[in-house]
Amino acid sequence: WGDDGHYAVCKIAQGYFEEETVVAVKKLLPAYGDGELAAVCSWPDEIKRLPQWKWTAALHFADTPDDKCNYDYSRDCPNDWCVTGAIFNYTNQLMSASKDSQSTVHYNLTEALMFLSHYMGDIHQPLHEGFLGDLGGNKVKVNWYNQETNLHRVWDDMIIESALEKYYNSSLSVMIHALQDKLKYGWSNDVWSWGSCQLNQTACPNPYASESIDLACKYAYTNATSGTTLGDYYFLSRLPVVEKRIAQGGIRLAATLNRIFSVKP
Ligand code: DCM
Ligand code: DCM
Ligand code: DCM
Ligand code: ZN
Ligand code: ZN
């Protein structure tokens with residue numbers, strides 16, 4: 001996602017933090033965090049092109065083989081170097097600090113929190129598990145209404161931007177409130193299952209990646225080959241997918257952080 005998507009994921013997550021998570025996150029936020037996680041959730045994008053942070057660039061996605069439409073950790077996350085592996089890794093770092101007071105390994109937990117929060121957003125963007133051959137849609141040149149762009153950008157930014165203009169008075173907080181209402185009144189029966197992990201795991205990103213490539217094949221790549229002009233039909237039919245993925249990202253980020261920071265052993 002772009003800045004707006006990441007801000008929305010983290011703002012929604014904040015509303016589902018348990019008290020222990022509120023306290024722990026507040027302690028870890030950097031000074032420029034303005035007191036809230038959402039303000040720093042785009043930090044991994046701001047730094048990823050700097051020489052000293054280049055190693056993080058591939059951790060934003062887990063591309064999958066062309067036209068397979070499925071995801072496999074051992075195949076698509078070689079050496080754990082992808083968004084799924086990064087979510088496992090930063091969860092483990094925060095867990096060892098939160099649950100093992102004897103731990104003598106000292107990670108930068110502020111960075112770990114910002115990476116985990118950002119990558120939990122990215123893994124829910126369907127094209128972050130898109131095809132290797134087109135770099136997750138980056139090589140698919142399309143027009144968004146009359147603007148030249150690529151399919152990845154459409155899903156990172158354009159659908160959200162058009163929704164803000166068309167439905168939300170150009171206000172991200174109005175859009176976030178609408179998603180919070182949907183979570184409360186429309187998706188209330190799904191929220192618990194979205195947040196739960198199998199087998200007492202703390203983080204379970206693999207199913208999120210599988211969902212993403214499934215949605216990429218069903219919605220993102222469909223009727224969007226290179227040279228296509230995407231307009232109202234594509235926008236109206238794909239916006240519900242984008243909104244649901246942002247909401248799921250928020251719920252799952254909150255649930256994961258709640259498991260990490262809960263006082264229960
Ligand atoms: N994995 C990891 N770190 C963890 C848990 C899992 O790197 N703490 C990786 C290695 C496993 C893969 O994820 O092969 C799938 O794990 P699982 O089946 O537990 O989701
Ligand atoms: N991206 C991706 N798969 C790739 C390369 C990039 O999903 N193989 C994502 C990461 C960014 C966006 O596409 O969100 C643009 O990439 P970059 O910023 O590296 O140009
Ligand atoms: N959708 C989704 N995941 C699916 C199927 C559909 O995100 N497996 C998208 C398309 C729907 C929207 O979410 O228009 C709302 O879905 P639901 O009716 O399941 O709430
Ligand atoms: Zn992206
Ligand atoms: Zn990213």
Side-chain angles (χ1 to χ4, degrees), residues 1-11 13 37-73 75-87 89-90 111-142 144 147-162 205 208-217 219-221 224 226 230 238 241-242 245-246 248-250 252-253:
W1 308 114
D3 288 349
D4 288 350
H6 283 291
Y7 187 90
V9 165
C10 286
K11 190 80 178 180
L37 182 62
V40 299
C41 282
S42 286
W43 174 79
D45 277 336
E46 288 160 22
I47 55 133
K48 72 182 181 188
R49 284 183 195 83
L50 301 175
Q52 69 270 35
W53 290 106
K54 274 217 160 69
W55 59 272
T56 64
L59 301 179
H60 293 255
F61 53 85
D63 292 342
T64 58
D66 296 5
D67 303 307
K68 281 256 192 280
C69 296
N70 58 36
Y71 158 88
D72 174 351
Y73 186 91
R75 182 192 65 194
D76 304 327
C77 200
N79 304 312
D80 303 314
W81 210 263
C82 79
V83 67
T84 335
I87 288 172
N89 174 39
Y90 289 114
E111 288 174 11
L113 174 67
M114 295 192 291
F115 280 125
L116 176 60
S117 302
H118 181 91
Y119 296 141
M120 190 64 82
D122 275 343
I123 198 172
H124 283 82
Q125 206 279 53
L127 286 175
H128 277 238
E129 281 73 28
F131 300 148
L132 276 164
D134 60 36
L135 304 178
N138 277 290
K139 288 186 177 173
V140 182
K141 304 298 169 199
V142 297
W144 182 247
Q147 193 177 344
E148 281 185 27
T149 183
N150 68 63
L151 190 61
H152 191 93
R153 280 259 115 83
V154 166
W155 282 77
D156 267 355
D157 302 299
M158 305 293 204
I159 294 174
I160 296 172
E161 273 174 31
S162 295
Y208 315 158
S210 296
E211 293 167 358
S212 272
I213 181 55
D214 186 56
L215 292 168
C217 285
Y219 295 96
Y221 284 120
S226 261
L230 304 174
R238 275 56 171 184
V241 180
V242 168
R245 292 306 274 168
I246 286 172
Q248 286 179 321
R252 286 160 169 172
L253 174 57

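All figures in this text were calculated on a predicted structure; none of them were measured in a lab. For ligands, and for the atoms within them, numbers begin at 1 and follow the listed sequence.
- Summary: ND1 is the N/O/S atom of H60 found nearest to the Zn ion (ligand 5).
- More than 12 non-hydrogen atoms from other residues, nucleotides or ligands lie less than 6.0 angstrom from CD of Q52.
- Among all heavy-atom pairs drawn from C82 and L59, the shortest one is N-CD2, 3.7 Å.
- Counting just the N/O/S atoms of D156, the one with the shortest distance to the Zn ion (ligand 4) is named OD2.
- Distances between N or O atoms of R49 and those of ligand 2 include at least one value under 3.5 Å.
- Nearest to atom 15 (C) of ligand 2 among the protein's heavy atoms is N138 OD1, 3.7 Å.
- Between E129, K48, K139, it is K48 that holds the heavy atom closest to atom 11 (C) of ligand 2.
- The environment of NZ in K68 is sparse: at most 12 heavy-atom neighbours from other residues, nucleotides or ligands sit within 6.0 Å.
- H60 pairs with exactly one of H118, Q125, K48 by the side-chain hydrogen bond (donor to acceptor under 3.5 Å, both in side chains) rule, that one being H118.
- Of all N/O/S atoms in H152, NE2 sits nearest the Zn ion (ligand 4).
- Of all the listed residues (H60, H152, R153), H152 holds the heavy atom that lies closest to atom 9 (C) of ligand 2.
- Look at D122 and the Zn ion (ligand 4): no N/O/S atom of the residue is under 2.8 Å from the metal.
- Of the possible donor and acceptor atoms, one in the side chain of H152 sits under 3.5 Å from a partner among the backbone N and O of G136.
- Residue-ligand proximity, D156 to ligand 2, at heavy-atom distances under 4.0 Å covers atoms 14 (O).
- Of the residues listed (Y73, Y71, Y208, Y119), the one engaging T84 in a side-chain hydrogen bond (donor to acceptor under 3.5 Å, both in side chains) is Y71, and it is the only one.
- Residue contacts to the Zn ion (ligand 4): H128 brings an N, O or S atom closer than 2.8 Å.
- Assignment of L127 to the shell around ligand 2 is supported, since a heavy atom sits closer than 4.0 Å.
- Residues R245 and L215 meet the side-chain proximity criterion, which asks for heavy atoms closer than 4.5 Å.
- Closest to atom 8 (N) of ligand 2, if we only count protein heavy atoms, is D63 OD2, 2.5 Å.
- The environment of R153 atom CZ is sparse: at most 12 non-hydrogen atoms of other residues, nucleotides or ligands sit within 6.0 angstrom.
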